Amino acid sequence: MSAFKAFKACVPIEWSDKLYITLVRGIPGTRELHRRTLEALRLRKCNRTVVRKNTPTVRGMLQQVKRLVAIETKEMHEARKRREANHRALRPPLVISHHPAAKTESFQLS
């Protein structure tokens with residue numbers, strides 16, 4: 001288990017004052033009730049994140065659409081963004097030479 005998943009498993013959502021909600025599945029093919037719930041949460045496109053206060057009302061809405069969204073606390077969201085930024089960071093190019101190395105010493109058969 002990665003450190004991020006371990007952290008995610010041990011932090012109760014109820015302790016956080018803000019929730020970062022990301023739509024991870026598409027809206028087409030979902031029930032009308034779920035679509036209206038996502039619209040009330042202001043989630044319209046995949047991979048978009050909104051910040052909402054952690055209230056019983058919002059948690060109830062998230063319970064309805066839990067298979068469509070990912071719910072994170074502020075610390076979890078920042079850790080995921082840092083990990084994604086490190087993954088996208090520029091790295092030096094990998095140079096592979098398929099030519100044999102040039103021989104500096106010449107061997108003469110005598």
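Here the structure is a predicted model, which is why all the values come from computation and not from measurement.
For R52 (side chain) and L41 (main-chain N/O), a donor-acceptor pair under 3.5 Å exists by modelled atom type.
By the side-chain hydrogen bond (donor to acceptor under 3.5 Å, both in side chains) test, T55 pairs with no residue at all, sequence neighbours left out. Applying the side-chain contact (heavy atoms from CB on, under 4.5 Å) criterion to K45, with sequence neighbours excluded, gives R48.
There is no path of hydrophobic side-chain contacts, each under 4.5 Å, that joins L68 to V24.
Minimum interatomic distance between M61 and T37 (heavy atoms only, all atoms of both residues): O-CG2, 3.6 Å. Taking each heavy atom of N54 and R59 in turn, the nearest pair found is OD1-NH1, 2.7 Å. The nearest pair of heavy atoms linking L23 to R44 is CD2-C, 4.4 Å.
Residue I71 holds its CD1 atom at 4.5 Å from CG of L62, rounded to the nearest 0.5 Å. To the nearest 0.5 Å, atoms CG (N47) and OG1 (T22) are separated by 8.0 Å.
Of the charged side-chain nitrogens involved, at least one lies within less than 4.0 Å of a carboxylate oxygen, so that R80 and E72 count as a salt-bridged pair.
Evaluated for a side-chain contact (heavy atoms from CB on, under 4.5 Å) with I21, the options V69, V65, T49, V51 yield exactly one hit, V69.
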**Test log, rule side chain to side chain contact (heavy atoms under 4.5 Å, CB included), inputs V58 and K53** = CA-CA 7 Å; V58 172; K53 286 186 179 178; 5.8 Å; no

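Sorted by first and then second residue, the salt bridge (charged side-chain N to carboxylate O under 4.0 Å, His left out) pairs involving residues 27-36 (not counting sequence neighbours) are E32-R35.
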